[in-house]
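Report on the following structure.
No experiment lies behind these values; they were computed from the predicted model shown.
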Amino acid sequence: MIHKTKGIIEFVDWVGVVLIVGAYLAAVMGTVQATDYRYLVANIVGSVGVAYASWKKKDVQPVVLNLVWILVALIGLLRAYNA
């Protein structure tokens, strides 16, 4: 069971990384704007995944970085869609 759980955590971690990097690539390529909800949601979901996996691995620095990244993306969503 431990190996299965570790595999799931690694999967969640990689999905998070792919979402964050993919969203950034899409913004750099001009496919989405940094204020686009798809960009912001991909960053939130990706950061939640990386933060969760890092927490389970007891790796605190990525947890803090991704919690800040989530906050920044949430502020972006609020600014873009409550304006």
Side-chain angles (χ1 to χ4, degrees):
M1 181 68 175
I2 291 173
H3 293 295
K4 186 176 186 177
T5 302
K6 184 177 179 183
I8 292 169
I9 291 169
E10 287 296 317
F11 178 76
V12 168
D13 203 4
W14 277 109
V15 168
V17 168
V18 168
L19 283 169
I20 294 167
V21 173
Y24 184 67
L25 178 62
V28 168
M29 299 298 291
T31 307
V32 297
Q33 298 293 317
T35 55
D36 189 308
Y37 79 94
R38 296 171 294 176
Y39 174 80
L40 296 165
V41 169
N43 274 281
I44 291 168
V45 173
S47 292
V48 166
V50 174
Y52 171 76
S54 298
W55 179 260
K56 295 300 277 184
K57 296 175 191 176
K58 298 180 182 359
D59 194 3
V60 178
Q61 293 89 343
V63 173
V64 173
L65 172 66
N66 282 282
L67 290 176
V68 170
W69 204 251
I70 292 165
L71 180 62
V72 169
L74 286 172
I75 290 169
L77 274 175
L78 290 173
R79 287 180 53 109
Y81 295 99
N82 285 334

Co-membership, hydrophobic cluster, residues Leu71 and Val64, 4.5 Å side-chain: no
Val17-Leu40 co-clustered via ILVMFWY side chain contacts under 4.5 Å: no
Stepwise side chain to side chain contact (heavy atoms under 4.5 Å, CB included) test for Trp69 and Val50: CA-CA 11 Å; Trp69 204 251; Val50 174; over 6 Å; no
Separation between CD1 of Ile70 and CG of Leu65, rounded to the nearest 0.5 Å: 10.0 Å
Backbone of Tyr37 reached by a side-chain donor or acceptor of Tyr81 within 3.5 Å: yes
Gap between atom CG of Leu25 and atom OG1 of Thr31 - 0.5 Å precision: 7.5 Å
Presence of salt bridge, Lys56 and Glu10, under 4.0 angstrom: no
Co-membership, hydrophobic cluster, residues Ile20 and Val48, 4.5 Å side-chain: no
Asp13 side chain vs Ile9 backbone, donor-acceptor pair below 3.5 Å: no
Single-linkage hydrophobic cluster, 4.5 Å side-chain cutoff, Leu74 and Val32 together: yes
Closest non-hydrogen atom pair, Ala51 against Val63: O-CG2, 3.6 Å
Shared hydrophobic cluster for Tyr39 and Leu77 (ILVMFWY, side-chain gaps under 4.5 Å): yes
Any side-chain donor near an acceptor of the partner, Ser47 and Asn66, under 3.5 Å: yes
Taking every non-hydrogen atom, the tightest pair across Ala42 and Leu19: O-CB, 3.7 Å
